[in-house]
Amino acid sequence: MAESENHVTEAVAKKAQALRRALHHHNYAYYVLNEPEISDAEYDRLMRELIALEEAYPELITPDSPTHRIGAPPLDRFEAVSHTVPMLSLENAFFEKEVLEFDQRVRRFLETDDPVAYTAEPKVDGLAVEIVYEKGLLMQASTRGDGFKGELITPNIKTINSVPLYLMDSGKVAVPARLEVRGEVFMPLEAFKRLNKERLKQGEPAFANPRNAAAGSLRQLDSRITAQRPLDMFCYGVGVMSDLSPSSHWEILGILKELGLPVNPQIRPRCRIEEVLEYYNMLSERRHAFTYEMDGIVIKVDDLSLQRRLGEKSRSPRWALAYKFPAVQETTRILGIEIQVGRTGALTPVAHLAPVLVGGVTVSRATLHNEDEIKRKDIRIGDTVLIQRAGDVIPEVVKVIETARTGDEKVFRFPAVCPACHSRVRRLEGESVWRCVNAVCSAQLKARIRHFASKGAFDIDGLGGKLVDQLVDRGLVRSYADLFYLDKATLAGLDRMAEKSAQNLVEAISKSKNISLDRFIYGLGIRHVGEHLAHVLARAFGSLEAFMAASEDELIAIDEVGPQVAQSIRAFFETPENTANIEKMLQAGVRIAETPGVGLSESKRTLEGEAFVLTGALESMTRSEAKARIEALGGKVTGSVSPRTTYVVAGKEPGSKLARARQLGVPVLTEQELLERLS
Ligand code: IVH
């Protein structure tokens with residue numbers, strides 16, 4: 001690098017050092033502890049100041065400067081590096097039986113009948129890397145490669161915000177002269193979805209899963225691209241660690257944490273094999289609640305001297321085992337493609353699949369999203385495809401297995417008319433969906449009524465899809481308001497309806513007439529107004545009259561309501577059929593209960609400004625009751641724990657939110673304590 005023209009004074013050097021320290025500290029607080037101390041803007045300001053200083057005085061640049069996080073000039077190729085200690089792989093288990101056999105094998109090998117202590121960790125689905133710190137400074141980072149040799153990716157690793165560029169000296173453990181730390185680099189799910197959306201928009205192929213996205217992002221010759229990708233990392237082990245001599249794996253993890261390295265907060269330390277199985281079940285159930293993808297757990301013998309005795313065989317250690325979750329991706333065949341019409345008229349292509357078991361659930365349909373998606377993935381009827389299921393979301397097609405094509409596959413032609421009412425479909429500028437714009441299309445009406453009767457809305461028990469079809473097809477129901485005018489005799493005359501079930505349905509409809517404002521609003525099916533927004537609107541306006549009378553400006557003034565939503569709400573109420581329907585419902589006796597929290601006198605809003613997160617099962621009430629009661633006193637209930645959470649309420653078998661609360665230092669209440677606050 002050319003000598004700079006400017007002369008570095010002591011004051012300038014000190015300033016740079018102070019900026020680096022501050023940035024390092026705030027980075028750790030934000031990305032590792034999740035407890036930001038300054039605003040993003042303030043952080044950016046500090047960063048820009050340091051960049052400016054380093055540009056003016058290049059000799060100030062140190063290997064641990066946070067400016068490295070923005071990436072370095074591209075390389076021609078990756079250099080190969082050897083790992084001092086080979087990076088082993090893991091043996092896989094898929095069934096409980098195999099885990100118990102592993103435990104027996106371990107005890108047989110150690111010649112003991114006593115239970116062995118295991119530490120169990122989430123198996124995060126990303127790619128393994130090794131980072132070398134010398135005298136606390138991040139000197140080198142590499143991929144696992146073949147376990148012996150990997151690729152040198154130091155500048156890329158430096159872009160990961162949770163990875164410290166130098167180790168923290170907390171005073172509790174001495175910073176080792178050399179530390180080779182290992183862990184998994186991954187891409188959080190939200191970031192993955194965002195990245196794919198962006199790529200599709202740019203006409204680039206989407207990544208099949210977060211693991212591919214993480215690998216593709218990390219292995220970039222141009223680390224400035226890596227810097228644009230929100231990667232994260234959890235450390236789970238070490239190669240060489242000088243100076244320190246821990247005696248257990250759990251102790252190693254503690255040391256890593258102490259040095260400022262990111263360690264997964266979900267780890268279950270030192271437990272018996274039975275508890276490991278429980279931990280697996282717990283995580284397996286909750287895996288979709290996490291912000292990253294895990295594909296199983298890793299079980300490790302905790303005691304390091306036992307690990308050494310056990311050793312390894314064929315490149316995987318005898319002391320560890322990966323216990324995988326059931327696959328959430330499977331291959332199957334597309335039998336046909338059907339077009340579904342939604343309540344807003346959107347046409348969604350849905351694939352009928354040869355039924356296949358995916359993660360314990362039989363899947364026979366998958367959404368194909370829209371026409372462009374079918375074209376981009378070149379999905380044809382008869383294709384063998386890879387499908388995936390994540391949580392409760394509708395399964396989707398990841399890609400076509402082209403090598404399985406026989407030539408008999410048929411290209412799907414998107415219809416020009418609505419499959420239900422046969423009116424021409426339209427696709428607006430800039431939209432990816434085709435819509436049926438016929439206001440009296442029966443398919444739209446059916447979808448609107450199904451939505452109206454759904455759990456989050458009027459919650460009408462017994463009003464299933466088949467029944468809705470009959471009611472609409474026979475002209476008995478032309479709007480959701482008509483539901484309240486159905487009588488038992490009419491219902492009993494329908495197919496597969498007995499006297500008793502007709503009676504039950506009449507009662508269910510009648511019961512639904514008493515409804516809270518948020519559910520009422522949600523039930524109307526206004527475009528862009530989902531469950532959450534309906535709740536926000538109900539709280540903001542307090543009454544149906546006030547909501548219906550709100551102008552676009554008044555709507556936009558509400559937090560979370562943008563121009564698009566405001567327009568959609570106004571358009572809804574300016575359509576005479578909609579207001580007539582509402583009038584008809586009120587006439588039938590639909591009554592809107594007072595919205596919790598709104599209009600309460602100050603003295604009753606005892607939980608004003610407090611944000612609660614509920615986790616685990618409560619004994620004296622359901623979670624939704626607890627939510628309603630908290631809100632009735634002016635408090636808020638949110639889904640995830642953040643530094644802004646006031647309390648986490650832990651019921652029976654609390655989930656990851658409890659751990660997160662502990663990590664963030666958020667106070668935890670028992671059910672009893674919550675009840676006291678509510679009374
Ligand atoms: S320990 C000898 N712990 O799984 C021990 N691996 O299938 C080697 N992985 O290459 C790894 N989370 O990429 C370990 N908590 C964890 C892990 C983990 C994810 C990955 C890692 C490894 C692969 C083995």
Side-chain angles (χ1 to χ4, degrees), residues 83-94 98-99 102 106 118-131 141-151 153 157 160 162-163 180-188 209-215 217-219 231-241 248-254 256-257 261-271 276 279-280 283-284 287 290-304 306-325 327 656 659:
H83 303 293
T84 332
V85 182
M87 292 180 77
L88 303 177
S89 56
L90 292 171
E91 195 188 320
N92 286 327
F94 294 91
E98 295 170 311
V99 178
F102 161 77
V106 165
Y118 297 101
T119 289
E121 320 176 344
K123 187 172 184 309
V124 177
D125 206 9
L127 73 155
V129 300
E130 178 173 79
I131 308 177
S142 55
T143 60
R144 173 175 180 273
D146 63 5
F148 298 101
K149 258 194 185 139
E151 288 169 336
I153 46 153
I157 279 288
I160 303 177
S162 56
V163 171
E180 300 172 0
V181 64
R182 287 149 181 209
E184 197 80 354
V185 169
F186 61 94
M187 184 175 286
N209 50 49
R211 174 166 35 95
N212 288 1
S217 301
L218 194 62
R219 296 182 61 254
L231 297 172
D232 205 342
M233 176 176 181
F234 282 132
C235 298
Y236 55 63
V238 295
V240 166
M241 179 162 70
S248 72
H249 178 63
W250 181 237
E251 230 177 287
I252 291 180
L253 297 175
L256 298 181
K257 240 190 283 184
L261 290 156
V263 175
N264 195 317
Q266 294 298 326
I267 298 175
R268 176 73 56 98
R270 298 179 179 152
C271 54
V276 171
Y279 171 78
Y280 172 89
L283 271 190
S284 173
R287 58 194 283 211
F290 289 89
T291 52
Y292 49 87
E293 195 148 277
M294 29 178 128
D295 58 342
I297 63 168
V298 182
I299 310 168
K300 299 173 182 173
V301 170
D302 191 58
D303 189 310
L304 297 184
L306 297 186
Q307 281 191 5
R308 277 188 286 272
R309 269 172 63 195
L310 284 155
E312 65 195 63
K313 73 160 198 246
S314 61
R315 299 186 54 195
S316 41
R318 278 199 200 85
W319 47 265
L321 181 74
Y323 183 15
K324 306 272 284 243
F325 294 140
S656 59

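Atom set for the values below is all heavy atoms of this structure, side chains included, hydrogens, waters and symmetry mates excluded. Count residues from 1 along the sequence. Bear in mind the structure is a predicted one, so any value in this text is a computation, not a measurement. Atoms within each ligand, like the ligands themselves, are counted from 1 in listed order.
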Tell me, please: is Pro317 in heavy-atom contact with ligand 1, that is, under 4.0 Å?
yes
So for Pro122, does at least one of its heavy atoms come nearer than 4.0 angstrom to any atom of ligand 1?
yes
Just to be sure I read this right, does ligand 1 sit under 4.0 Å from the backbone of [X], its side chain, both, or neither, counting only heavy atoms?
| X | result |
| --- | --- |
| Val124 | backbone |
| Ala322 | neither |
| Lys300 | side chain |

Are [X] and [Y] packed together at the side-chain level, in the sense that at least one heavy-atom pair is separated by less than 4.5 angstrom?
| X | Y | result |
| --- | --- | --- |
| Leu304 | Ile252 | yes |
| Val163 | Leu231 | no |
| Val129 | Leu218 | yes |

How far is [atom] from its nearest protein heavy atom, and which residue and atom name does that atom have?
| atom | result |
| --- | --- |
| atom 5 (C) of ligand 1 | Leu90 CD2, 3.8 Å |
| atom 8 (C) of ligand 1 | Leu88 O, 3.8 Å |
| atom 4 (O) of ligand 1 | Lys123 NZ, 3.1 Å |
| atom 11 (C) of ligand 1 | Tyr236 CE1, 3.8 Å |

Is the closest N or O pair between [X] and ligand 1 shorter than 3.5 Å?
| X | value |
| --- | --- |
| Glu184 | yes |
| Glu121 | yes |
| Trp319 | no |

Contact summary for Arg318 and Glu312, nearest pair of heavy atoms
NH1-O, 3.6 Å
Test of ring centre spacing under 6.0 Å for Tyr292 and Phe234:
yes
Could you check Ile267, Val238, Asn264 and say which one makes a side-chain contact (heavy atoms from CB on, under 4.5 Å) with Leu253?
Ile267
For the pair Glu121 and Lys300, find out whether any cationic side-chain nitrogen is under 4.0 Å from an anionic carboxylate oxygen.
yes
First locate atom CD of Glu98, then atom CD of Glu91, and finally report the distance between them rounded to the nearest 0.5 Å.
8.5 Å
